[in-house]
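Reminder, nothing fancy here: chain letters follow the sequence lines and each chain counts from 1.
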2 protein chains.
Amino acid sequence: MKYSEFLKLIPDSKIDICRAAFLEHKDKIQIKKEAVVIKNLEKIFDATLKIGVSKGFQAMTMRDLSAGSGLSMGALYSYFSSKDEILSVYLGQGRKIVKQVLEAFLVKENDPVAKLETVIQIHLFLTEKMHQWFYFSYMEAKNLNPEEMEKSIQSELYTEKLVSDILIEGYKKNIFKDGDHVLGASVIKAMLQDWYLKRGKYARRKIGVDHYAQFIMAFVSAFYLV
Amino acid sequence: MKYSEFLKLIPDSKIDICRAAFLEHKDKIQIKKEAVVIKNLEKIFDATLKIGVSKGFQAMTMRDLSAGSGLSMGALYSYFSSKDEILSVYLGQGRKIVKQVLEAFLVKENDPVAKLETVIQIHLFLTEKMHQWFYFSYMEAKNLNPEEMEKSIQSELYTEKLVSDILIEGYKKNIFKDGDHVLGASVIKAMLQDWYLKRGKYARRKIGVDHYAQFIMAFVSAFYLV
DNA sequence: TAAAATAGAACAAATGCTCGTTATTTCTTG
DNA sequence: CAAGAAATAACGAGCATTTGTTCTATTTTA
């Protein structure tokens, strides 16, 4: 699959995140009308991402966010009860989308090689589409409270397990070589993460996501295909 | 080479960093006696690393640092003129050590395969020994001023170039396959970085640095060896 | 005892958050 | 369908606290 095809197949993640955040936090948000909430959550999350990526969440002040989102301090606090809550909710909702999309695409495949290619591609495509969110999530996870941080770690391990399960299945079907598949998955994950952690570098070198996906698949295949 | 052997071959990086920092900033540091400076720089850097890794440099206050290092606020400011300067100096000195050690080991090798193995091993061993420094450096680089940030990026690209040069040399000698060696080096770098970015995960799984180095070498060899 | 090093109170600026007020939208009623 | 009333949303100055930094007083060292 090409990235361009992928884009056509998935809904707009931005609005999804805002709608889901509203539904899940309806009781905490002091604003009642859905349309208003979604419109402003989008402003808040957009500004959080923009400022957060450029100077870090800790360094972002509520005044920065107010200026960036176009909402007053007071308005911000009628959507979220604290600065930290913005981070928690935003990262939490993003994680859900990631899980949903990955599973939706993986369920279509049966062959281990196709599954491996799919998980590599879709992970890269997702991180391409939401690259700022991923970068932000990676860099700011340590600023979350312990339980939210745990969720973040679990989310990482979940993706890794998707990969290691595929490797193990492939080995059992005599398609992949034997080996430490957990460590293998870990290393593959590292390569996938590099795509959004070093976005600027790859852009400067004019390496696109389709090319990167194909390269990673070749790299991994060389080691695992029998 | 094993990590245990590596450790015997290199001097204590902690004291090296402090001594180098003193020599280079003698004029800026208001304290005159070298022994005093080095003793206290070590306390300051240790505390910076400890607090910085756990809560991030931005969130670390000078009072945290004062408590953590056992020095008063006044004392801290007779070693550094600002909080940011601590970060700049510490990261800068660390980068120097990394460069020195990598080059010292690489110069001993001639064969591309041996060079590749060396750069993988030494990079991993260095990041094992200084893993907190590397993690801290990676996470806080974006909080540096533009010129220091540029140095940080250059330092990353330098390591990558070490790898890509080896791959290209190996290709010219018909030992390695053809391909996009810059992209290859980039991906190898990502795997190397994972070692210190996910230190906790590997520790929990009881995977040691020697085993990880051997795995990465096998992974890379499968793709590159003709 | 003079120089060097450290201490920690004091200061201005900045920060997260609150709360009384104002503006806007929606509903009610003659 | 007005126009007043009620509900909802947005505003932003102000509060207590915390922050990086400075400065003078004190202690330590040689």
N/O donor to acceptor pairs below 3.5 angstrom from side-chain atoms of residues 30-50 of chain B, sequence neighbours left out:
residue, atom, partner, partner atom, Å
B:N40, ND2, B:Y79, OH, 2.8
B:T48, OG1, B:I44, O, 2.7

Discussion item. Run the side-chain contact (heavy atoms from CB on, under 4.5 Å) test against B:K161 and tell me which residues pass, sequence neighbours left out.
Written reply: B:S164, B:D165
Worksheet item: If you look only at pairs with a residue in residues 66-76 of chain A, which of them pass as a side chain to side chain donor-acceptor pair (under 3.5 Å), with sequence neighbours excluded?
Response: none
Item to complete: Tell me, please, the opening and closing nucleotides of DNA chain D, 5' to 3', among those with an atom under 4.0 angstrom from a non-hydrogen atom of chain A.
Response: D:dT8 to D:dG14
Discussion item. Can you list everything that forms a salt bridge (charged side-chain N to carboxylate O under 4.0 Å, His left out) with A:K142? Sequence neighbours excluded, please.
Written reply: none
Worksheet item: So A:E103 and A:Y158, side-chain hydrogen bond (donor to acceptor under 3.5 Å, both in side chains) or not? Walk me through it.
Response: CA-CA 11 Å; A:E103 280 171 1; A:Y158 162 80; 2.5 Å; yes
Item to complete: Only counting residues at least two apart or in another chain, list the ones meeting side-chain contact (heavy atoms from CB on, under 4.5 Å) with A:E85.
Response: A:K28, A:F80, A:S81, A:S82, A:V89
Worksheet entry | With A:V182 via side-chain contact (heavy atoms from CB on, under 4.5 Å) - residues at least two apart | A:E160, A:D180, B:R205
Discussion item. In this structure, is the centre-to-centre distance between the rings of A:F105 and A:F125 below 6.0 Å?
Written reply: no
Close N/O contacts between protein and nucleotides 1-4 of chain C (under 3.5 Å):
none

Item to complete: Grab the CZ-P distance between A:R63 and C:dA14 for me, whole Å please.
Response: 10 Å
Discussion item. So if I take residues 35-60 of chain A and measure heavy-atom distances to DNA chain C, which residues fall below 4.0 Å?
Written reply: A:M60
Fill in: B:M62 CE to C:dG8 C1', straight-line distance once rounded to whole Å
14 Å
Response to the item:
Per the under-4.0 Å heavy-atom filter, residues of residues 73-88 of chain B near DNA chain C come out as B:M73, B:G74, B:A75, B:Y79
Worksheet, complete the sentence: The side-chain contact (heavy atoms from CB on, under 4.5 Å) partners of B:K83 (sequence neighbours excluded) come to B:F57, B:M60, B:M62
Discussion item. Between B:K96 and B:D16 (salt bridge meaning N to carboxylate O under 4.0 Å), is one present in this structure?
Written reply: no
Worksheet item: After noting the C-alpha distance and the side-chain angles of A:Q58 and A:E140, does the key distance pass the side-chain hydrogen bond (donor to acceptor under 3.5 Å, both in side chains) rule?
Response: CA-CA 9 Å; A:Q58 293 269 2; A:E140 304 300 338; over 6 Å; no
Worksheet item: For B:Q93 and B:Y90, does a side-chain donor sit closer than 3.5 Å to a side-chain acceptor?
Response: no
Discussion item. Taking the nucleotide of DNA chain D with the nearest heavy atom to each, does B:T61 or A:S72 sit closer to the 5' end?
Written reply: A:S72
Worksheet item: Which pairs, with at least one residue in residues 183-200 of chain A and sequence neighbours excluded, count as a salt bridge (charged side-chain N to carboxylate O under 4.0 Å, His left out)?
Response: A:E128-A:R199, A:E156-A:K189, A:D194-A:K198, A:K198-B:E156
